[in-house]
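Before any comments, here is the structure.
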Amino acid sequence: MKKEYDPGEIEQRWYASWSEKGLFHAEADSRARGSYSMVIPPPNVTGVLHMGHAMNNTLQDILIRFNRMEGLNTLWVPGTDHAGIATQNVVEKDLAKRGITRHDMGRDAFVEEVWKWRRLHGDKIIDQLKRMGSSCDWERLRFTMDKGLSKAVRKVFVSLYEEGLIYRSDYIVNWCPRCHSALSDLEVEHEDEDGFLWHMRYPLADGSGEVVVATTRPETMLGDTAVAVHPGDERYASMIGKKCILPFVDRQIPIIEDAVVDVEFGTGAVKITPAHDLNDYEMGIRHGLERIVIMDTSGVMNENAGPYKGMDRFECRRVLEHDLDAGGFLVDKTQYTVPVGHCYRCKSAIEPYLSKQWFVRVKPMAEDAIMAVKEGKTRILPAQWEKTYFEWMNNIRDWCISRQIWWGHRIPAWFCDECGEITVAQADPKVCAHCGSANIHQDSDVLDTWFSSALWPFSTMGWPENTPELKTFYPTSVIITGFDILFFWVARMMMMGIKFMGDVPFRDVYLHALVRDEHGHKMSKSKGNVVDPMDVMDHYGADAFRFTLTAFAAMGRDVRISDKRIQGYRFFINKIWNAGKYVLNKIEGFDPDSVDCSSLRFSLADQWILYRLNHTIHDTREALKGYRYNEAAETLYQFTWHTLCDWYIELSKNMLEGEEKIPTMWTLYYTLKTSLELLHPIIPFVTEEIWQEIPGKKEASIMVAPYPEVTDAFAFADQAKAMAFIIEAIGKIRSIRGETGISPKARIDVVLRSNDHKRQSLFKANETYIRELAVTQNITFIPMDDPRPPRSALAVVSGMEIYVLLEGVLDIATEIARLDKQITKTTKELEKKKKKLANQNFLDKAKEEVVDEQRRLNDELESKLGKLKTAADLLKD
RNA sequence: GGGCGGGUAGCUCAGUUGGGAGAGCAUCGGCCUUACAAGCCGAGGGUCACAGGUUCAAGCCCUGUUCCGCCUACCA
């Protein structure tokens, strides 16, 4: 084995090996062992791996590998998402470089171009996931525009349509004038911007006065069809029913009353533009108002805008303001913060726009999805997200699913040019279902990308066929994803899964945090703070990267990735490597299969590490089962480095001779192997590399080795406690050495003074540990009747005093100072304890075991303090 | 406007039934001890945002204040 761990070559080699052996594959066999399944949140096919993916896939892979080692029939379905608008934008940009627009090509050619793009670049992110070690079943790789998935999409659309849950209607939608498409409410990002509130006057038609309205969007006045005031607003009572004149377009519009109007806001009179504002649209329906669309699909003013026709909407605003002012219509203009919606893809300002769109009536499905969580059929973790889920589900509005783009699932609806009716069908119809005319054409819109994603947990398993996959693996065990797509995706999968499969799509939902930069800022290209996971892996290896993400994945908290931290865990990987190297070297030629471990005479140190290992197994398993990733990582880090390496391996160096040799070799072998298996789900590569070198009979890969289980055979609680005393003593002696500046090489003499015979014999029997790890020479045991050794440093442990003889080793003054420091510290602690125990209420009301514990600690501190004081006095004389 | 999360060591963060405040990095001192200097041994450092309350006991539970972040919203 090489001196330093080199991840690059090793990671590549093992991934290929696992793949060749078919270890990622799961068969759909419901008779087999229990099953465990997951579907990947499909990354955009245009995507490149970012920190979010890295986090997401690491957490998934850990659970997949853990459960696979548990012996479950474990499936992880991978795939990619066609990502309608995003992908179309990418390909359009590509074409633009060649001076071509999609309109030059036409729809069919453009769609073919996107497929071509996908074939060329679409698997990049898949390769990156492999680089991370993701153990997906690649034989089952799916794409949301696959034949099978497209079939599922059509089936769902047609069913919902027939049930009346999908309908087509005029409505105000979020329109992106750049993408030329409607967007769902979720695809709009709101942001407060500095704007203005314009007050403008509309003269009354009968010349009896004027009404002043306030608006943040003066250009929409061109589409006004009413002015509304609150019922009973005395200021305007006399105007109700009258008409006012809209400047520039000279339209007469009524003044109406509606309870929605806020008396306090602005002038208490609001202009109503039913075709360009949702509120106004709804008010328009209530009052039967005309709807005048004043812009085209690019946000350019149309013929209804009269003299402003042909102007961009923002240019129109500027010109109109000038004209209003010039015409004496502008009363006031004040600074005002206004929330503006932006397209989540291209960031253009969203235009509320009246158009005909397809919608899903989601209320009934939302109710079932709420019930499923309330009844515990699906658990949402961390639990605080449940509330958010309910909140959204309860206030859900119909889902606009049509998009005016070309890349995506075409809506399976055909319009009849003869009778005007709509035919919705799974198979492309030849004639209109209503009048039989062959003169039909398909709706040009495609479906919202999330429509197909909503079906992902069952469409990837072959639905609508009744496949063995569905039987074996549905519902999936858990979905792991970022909280940012709880509504986009998780909620909709819940609705669709319950609707079409009759059961929830997953038992658990685990929502992880966002990965941010080290200062807590969201990573973005414009900020230039993006850390590329591929760079990280090039530098530190996939294992170090995965371990970092895991250690940071505390439930419900943002993750701040920092280079330093990754480096720290890179060192940890190297530490494991070196421990492996040490153990393998020491057990060379050792055949673990020839040893019956139940007949081995384990040393105290052996028993101690086996006991600690048992605990580590328990804690790690519990943490993983509870999605407490950071705890699992922390537990294993502490055990491997600070228990196994710092203590046991050091202790083992003096136990590889004589009768201790075989038990020590076995313990080294066993502890290393088990630790690697425990670590494998988090850091698959380095663990496999070392594990393969371990002697003895074992599985073809650590990937399919059984995950370690707690065993009664190592329930060495008493021995572990005894060893802990020795470790404590070694620590105390080392501390004295360190603090008083005794040379690390100087073998010192130590006197252990105690009347505790058991303790004395324990230390006598295990003298070697102290001699080697605390670098001592003579260790003398004396009873409490014997006088304290003069000119010595003192450390107090429970039931024993430890004296380090200083004669000729160092200056007494240093030790006096050291003791004084400890006396101060101990006195403080003791005071706190005394105060507590002096409180009668505490003694009366606290649990008995708590009081006893406090008394014990008090006594211990008291005795320690006394000893320290005596020792200090002695030295001062 | 509504909702959620957070404020713990210089930095990044743990701390799940309330009972002696932790880790990593950074800092300081000492070590090339034959697995590892990407390492080993030792040390220093915190009125757990602030103010109240509950309790024998609060980083943890309750109320209020404040600061930061996020989500959500049809206040023109």
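None of the values given here were measured: they were computed from a predicted structure. A, B, ... follow the sequence lines: proteins, then strands. Residue 1 opens every chain.
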Discussion item. By the 4.0 Å heavy-atom rule, please label A:I649 as base, sugar-phosphate, or nothing.
Written reply: base
Worksheet item: Going by heavy atoms in the side chains, are A:I609 and A:F639 under 4.5 Å from each other?
Response: yes
Worksheet item: If the C1' atom of B:rC31 is compared with that of B:rG10, how far apart are they to the nearest Å?
Response: 26 Å
Discussion item. Among residues at least two apart in sequence or on other chains, which ones pass side chain to side chain donor-acceptor pair (under 3.5 Å) with A:E386?
Written reply: none
Worksheet item: Given the rule that a pair is Watson-Crick or G-U wobble with both distances under 3.5 Å, how would you write RNA chain B in dot-bracket, using | for pairs to a different strand?
Response: (((((((..((((.....[..)))).(((((.......))))).....(((((..]....))))))))))))....
Discussion item. Is A:T273 close enough to B:rA76 that one of its side-chain N or O atoms is under 4.0 Å from OP1 or OP2 there?
Written reply: no
Anything under 3.5 Å between a donor and an acceptor, one on a side chain of residues 856-863 of chain A, the other on a protein residue two or more places apart or in another chain? List them.
from	atom 1	to	atom 2	distance (Å)
A:R856	NH1	A:E860	OE2	3.1
A:R856	NH2	A:E853	OE2	3.3
A:N858	OD1	A:K834	NZ	3.4
A:E862	OE2	A:K834	NZ	2.7

Worksheet item: So A:W577 and A:Y5, would you call those rings parallel, tilted or perpendicular, with 30° and 60° as cut-offs?
Response: tilted
Worksheet item: Roughly how far apart, to the nearest Å, are B:rU54 and B:rG18 at atom C1'?
Response: 12 Å
Worksheet item: Do we see a donor-acceptor contact under 3.5 Å between the side chains of A:S735 and A:E739?
Response: yes
Worksheet item: What integer distance in Å separates A:I256:CD1 from B:rA76:P?
Response: 18 Å
Worksheet item: Do the side-chain N or O atoms of A:Y5 get closer than 4.0 angstrom to the phosphate oxygens (OP1, OP2) of B:rC36?
Response: no
Response to the item:
With the side chain defined as heavy atoms from C-beta on, A:V850 is closest, among B:rA38, B:rG30, B:rG19, to B:rG19
Worksheet item: Judged by modelled atom types alone, do A:D563 and A:Y540 share a side-chain donor-acceptor pair under 3.5 Å?
Response: yes
Worksheet entry | Given RNA chain B, 5'-ward residue of the pair A:V270 and A:F483, judged by closest heavy atom | A:F483
Discussion item. Return whichever of A:V261 or A:F572 has its heavy-atom-nearest nucleotide of RNA chain B closer to the 5' end.
Written reply: A:F572
Worksheet item: A:Q840 CD to B:rA57 P: how many Å, rounded?
Response: 14 Å
Worksheet item: Given B:rG3, is OP1 or OP2 found less than 4.0 Å from the side-chain N or O atoms of A:W385?
Response: no
Discussion item. From the set B:rA76, B:rG20, B:rG19, return the single nucleotide nearest to any side-chain atom of A:A846.
Written reply: B:rG19
Worksheet item: Under 4.0 Å between a side-chain N or O of A:K845 and OP1 or OP2 of B:rG19?
Response: no
Discussion item. Using whole Å, what does the distance between atom P of nucleotide B:rG2 and atom CG of A:N394 come to?
Written reply: 19 Å
Worksheet item: Any donor-acceptor pair under 3.5 Å between the side chain of A:E650 and the base of B:rA35?
Response: yes
Practice prompt. Select base, sugar-phosphate, or nothing to describe what A:F552 touches, counting heavy atoms under 4.0 Å on all strands.
Written response: sugar-phosphate
Worksheet entry | B:rG24 versus B:rU63 - spacing of their C1' atoms, nearest Å | 36 Å
Worksheet item: Quantified in whole Å, what is the P atom distance between nucleotide B:rA76 and nucleotide B:rC67?
Response: 25 Å
Practice prompt. Describe the nucleic acid contact of A:E634 in one word from base, sugar-phosphate, nothing, applying a heavy-atom distance below 4.0 Å.
Written response: sugar-phosphate
Worksheet item: What is the nucleic acid contact for A:D844, judged by heavy atoms within less than 4.0 Å: base, sugar-phosphate only, or nothing?
Response: nothing
Worksheet item: OG1/A:T640 to CD1/A:I576 distance, rounded to the nearest 0.5 angstrom?
Response: 5.5 Å
Worksheet, complete the sentence: Heavy atoms of A:R560 and A:F552 approach each other most closely as O-CZ, 3.4 Å
Worksheet entry | Spacing between A:L381 atom CG and B:rC4 atom P, to the nearest angstrom | 18 Å
Fill in: P gap between B:rG20 and B:rA51, integer Å
23 Å
Discussion item. At 4.0 Å (heavy atoms only), tell me whether A:W198 reaches a base, stays on the sugar-phosphate, or touches nothing.
Written reply: nothing
Discussion item. Using the side-chain heavy atoms of A:R397, tell me which of these nucleotides is nearest: B:rC71, B:rC74, B:rC41.
Written reply: B:rC74
Item to complete: Take atom CG of A:N574 and atom P of B:rA35, then tell me their distance rounded to the nearest Å.
Response: 15 Å
Discussion item. Is it true that A:T826 and A:K828 share a donor-acceptor pair across their side chains at a distance under 3.5 Å?
Written reply: no
Worksheet item: Among B:rG20, B:rA76, B:rC31, which nucleotide sits nearest the side chain of A:L861?
Response: B:rG20
Practice prompt. Select one nucleotide: of B:rU12, B:rG20, B:rA76, the one nearest the side-chain heavy atoms of A:L857.
Written response: B:rG20
Item to complete: Provide the distance between the two C1' atoms, one in B:rG64 and one in B:rU72, to the nearest whole Å.
Response: 25 Å
Practice prompt. Among B:rA76, B:rA43, B:rC75, find the nucleotide with the atom closest to the side chain of A:T216.
Written response: B:rA76
Worksheet entry | Same-atom distance (C1') from B:rG2 to B:rG44, integer angstrom | 48 Å
Worksheet item: Are side-chain heavy atoms of A:V340 and A:E191 found at a separation under 4.5 Å?
Response: no
Fill in: For the student: nearest non-hydrogen atoms of A:C400 and A:S184, plus distance
O-CB, 4.0 Å
Worksheet item: Which nucleotide in the list B:rA35, B:rG20, B:rC25 gets nearest to the side chain of A:K836?
Response: B:rG20
Worksheet item: In whole Å, what is the span from the CG atom of A:N630 to the P atom of B:rG24?
Response: 15 Å
Worksheet item: Is any side-chain N or O of A:Q854 closer than 4.0 Å to OP1 or OP2 of B:rG19?
Response: no
Discussion item. Check this one for me: any side-chain N or O of A:R565 less than 4.0 Å away from OP1 or OP2 of B:rC11?
Written reply: no
Worksheet item: Contact class for A:K387 (heavy atom, under 4.0 Å): base, sugar-phosphate, or nothing?
Response: sugar-phosphate
Item to complete: Give the rounded distance in Å between these two atoms: CD1 of A:I566 and P of B:rC11.
Response: 20 Å
Discussion item. Under 4.0 Å, counting only non-hydrogen atoms across every strand here, what does A:K575 touch: a base, just sugar-phosphate, or nothing?
Written reply: base
Item to complete: Tell me whether the OP1 or OP2 atom of B:rA35 has a side-chain N or O from A:K653 closer than 4.0 Å.
Response: yes
Item to complete: Could you state the atom-to-atom distance from CG of A:L843 to C1' of B:rA57 in whole Å?
Response: 12 Å
Fill in: Nearest-Å distance once atom C1' is located in both B:rG22 and B:rG59
12 Å
Discussion item. What's A:T388 touching, base or sugar-phosphate or nothing? Going by heavy atoms closer than 4.0 Å.
Written reply: nothing
Discussion item. Does a side-chain N or O of A:H642 approach OP1 or OP2 of B:rG24 to a distance below 4.0 Å, or not?
Written reply: yes
Discussion item. Starting the side chain at C-beta, find the nucleotide from B:rC74, B:rA43, B:rG24 nearest to A:Y637.
Written reply: B:rG24
Item to complete: Determine the contact category for A:E391: base if any of its heavy atoms lies under 4.0 Å from a base atom, sugar-phosphate if only primed atoms, P, OP1 or OP2 are that close, otherwise nothing.
Response: nothing
Worksheet item: Among B:rA23, B:rC25, B:rG19, which nucleotide sits nearest the side chain of A:F842?
Response: B:rG19
Worksheet item: So what does A:D646 hit on the nucleic acid, given a heavy-atom distance under 4.0 Å: a base, only sugar-phosphate, or nothing?
Response: sugar-phosphate
Worksheet item: Any idea which heavy atoms bring A:P274 and A:I172 closest together, and the distance?
Response: O-CD1, 3.4 Å
